[in-house]
2 protein chains.
Amino acid sequence: MNIAHHLYSNNIKPSVQRIKIFEYLYNSKNHPTVDTIYCQLAGEIPTLSKTTVYNTLKLFIENGITSSLIIDGNEARYDAIMKKHAHFKCNDCGYIYDIEINDLKLKDSQLAGFEIGETNIHLIGKCKKCLTK
Amino acid sequence: MNIAHHLYSNNIKPSVQRIKIFEYLYNSKNHPTVDTIYCQLAGEIPTLSKTTVYNTLKLFIENGITSSLIIDGNEARYDAIMKKHAHFKCNDCGYIYDIEINDLKLKDSQLAGFEIGETNIHLIGKCKKCLTK
DNA sequence: TTCTAAATTTGTAACGATTACAATTATGGT
DNA sequence: ACCATAATTGTAATCGTTACAAATTTAGAA
């Protein structure tokens, strides 16, 4: 995937920072926090500022190529995979799994006439790995 | 509902603060924030401290009579209705609706062997009222 | 009732994630 | 190369939450 082109086609002018941040987000599947992104890229881009990471992610979200999730209260995590999916966080190892969702059945009557823009599903528990060890 | 008894039967020693906080939480259906609870009760309990509200809610959650939800990033909201339900937040009026959920169908294969402790479903969009006005 | 220990409440200070803002640096067109 | 505009950066401020120690209340024993 050509990242510069991906940014362009979503109305984002590419820059070194933007390309590197999106690249990291897209390749690392671990829903990184701002701090993680910053620390990982600070080596490659020595002048990088944490504010730039915040600004850039905000821009990505506004243009629909990134989404944010808050699965525990304290800090936001980011995801470049835009296909609708749920998240499962293991309380033991802390890993956040992507979970495919088929369908979400809600009582029709209640949401009739509502316009649903966003659906966030967060599961918390213990993953198979941690349960079997 | 006898609140003092409800607290007792959940291993919480009642106190003026605890009773008032739970009472407010239980009667107001609007998923209040800590600040809202504090401001509402500060009149009745002039010595009330915001720390007490935090402590008390934490105690309620530990003992399973309250749950917290974070539907937009910034501040936590609290709910004394423990029956499993989803939340819909209207981006226009800001109101948070309780939505009954029948069933959540996820791809079985992925979560096989996982232990799911908590399921949070947050919907965001525009409610009927705001759409029709 | 009075004393004492434990639990609860309170206020202040600290913390951490995020944002505001102004200054610096880079970019693109003429 | 020059200029206007956009992007990046660092610092300081903001705000929800937590840590902590002092003050108050509670409950049980003497």
Side-chain angles (χ1 to χ4, degrees), chain A residues 3-4 7-8 10-25 31-63 65-79 94 96, chain B residues 3-4 7-8 10-25 31-63 65-79 94 96:
Chain A
I3 291 171
L7 298 182
Y8 253 125
N10 285 91
N11 302 314
I12 297 167
K13 209 197 299 180
S15 72
V16 175
Q17 289 85 344
R18 289 172 181 177
I19 289 171
K20 288 284 183 193
I21 290 172
F22 190 84
E23 187 183 38
Y24 178 75
L25 200 57
H31 313 284
T33 64
V34 165
D35 198 62
T36 305
I37 297 169
Y38 172 74
C39 293
Q40 287 296 320
L41 297 181
E44 289 184 68
I45 313 167
T47 64
L48 186 64
S49 157
K50 212 175 253 189
T51 302
T52 301
V53 180
Y54 278 106
N55 290 341
T56 304
L57 290 169
K58 188 168 174 243
L59 186 72
F60 287 173
I61 290 171
E62 283 165 0
N63 290 86
I65 62 168
T66 295
S67 63
S68 72
L69 57 136
I70 299 166
I71 199 161
D72 26 27
N74 39 343
E75 58 186 339
R77 293 170 172 278
Y78 297 88
D79 198 338
I96 296 174
Chain B
I3 291 171
L7 297 182
Y8 253 125
N10 285 93
N11 303 312
I12 296 167
K13 209 197 299 180
S15 71
V16 176
Q17 289 85 344
R18 289 171 181 178
I19 289 171
K20 289 283 183 196
I21 290 172
F22 191 83
E23 186 183 40
Y24 179 75
L25 200 57
H31 314 283
T33 63
V34 165
D35 199 62
T36 305
I37 297 169
Y38 172 75
C39 293
Q40 289 295 319
L41 297 180
E44 290 184 67
I45 312 168
T47 63
L48 186 64
S49 157
K50 212 176 255 187
T51 302
T52 300
V53 180
Y54 276 106
N55 290 342
T56 304
L57 290 169
K58 189 167 173 244
L59 186 72
F60 288 174
I61 290 171
E62 284 166 359
N63 289 84
I65 62 169
T66 295
S67 63
S68 71
L69 57 136
I70 299 166
I71 199 159
D72 26 25
N74 37 344
E75 57 186 337
R77 292 168 172 278
Y78 296 87
D79 198 338
I96 295 174

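These numbers come from the heavy atoms of this one structure, side chains and all, not from hydrogens, waters or symmetry mates. In what follows, chains are A, B, ... by sequence order, proteins preceding strands, each numbered from 1.
In the helix from dT1(C)-dA30(D) to dT30(C)-dA1(D), the terminal helix axes, each the rotation mapping four pairs' C1' atoms onto the next four within five end pairs, subtend 10°, rounded to 10°.
Residues that satisfy the side chain to side chain contact (heavy atoms under 4.5 Å, CB included) test with Thr36(B), not counting sequence neighbours, are Tyr24(B), Pro32(B), Thr33(B), Gln40(B). Residues satisfying the salt bridge (Lys or Arg N to Asp or Glu O under 4.0 Å) criterion with Lys13(A), sequence neighbours excluded, are absent altogether. The salt bridge (Lys or Arg N to Asp or Glu O under 4.0 Å) search around Glu23(A) returns none, not counting sequence neighbours. Applying the ring-ring contact (aromatic ring centres under 6.0 Å, His included) criterion to Phe60(A), with sequence neighbours excluded, gives Phe22(A). With sequence neighbours left out, the side chain to side chain contact (heavy atoms under 4.5 Å, CB included) criterion links Ile61(A) to Thr66(A), Ser68(A), Tyr78(A). Legend: residues meeting side chain to side chain contact (heavy atoms under 4.5 Å, CB included) with Thr51(A), ordered by chain and number and at least two apart, are Ser49(A), Asn55(A). Asn10(B) pairs by the side chain to side chain contact (heavy atoms under 4.5 Å, CB included) definition with His6(B), Ile65(B), not counting sequence neighbours.
Screening residues 35-55 of chain B for salt bridge (Lys or Arg N to Asp or Glu O under 4.0 Å), with sequence neighbours left out, gives Lys20(B)-Glu44(B), Asp35(B)-Lys50(B). Within the structure, the salt bridge (Lys or Arg N to Asp or Glu O under 4.0 Å) test picks out the following pairs touching residues 67-78 of chain A (sequence neighbours left out): Asp72(A)-Lys89(A).
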Next item on the list: Report, as a single string ordered 5' to 3', how protein heavy atoms within less than 4.0 Å touch nucleotides 24-30 of chain C: B base, S sugar-phosphate only, - not at all.
Entry: -------

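With dT18(C), dG16(D), dT8(C) as the candidates, the nucleotide lying closest to the side chain of Ser15(B) is dT8(C).
A heavy atom closer than 4.0 Å to some atom of DNA chain C occurs in Thr51(A), these being the qualifying members of residues 34-52 of chain A.
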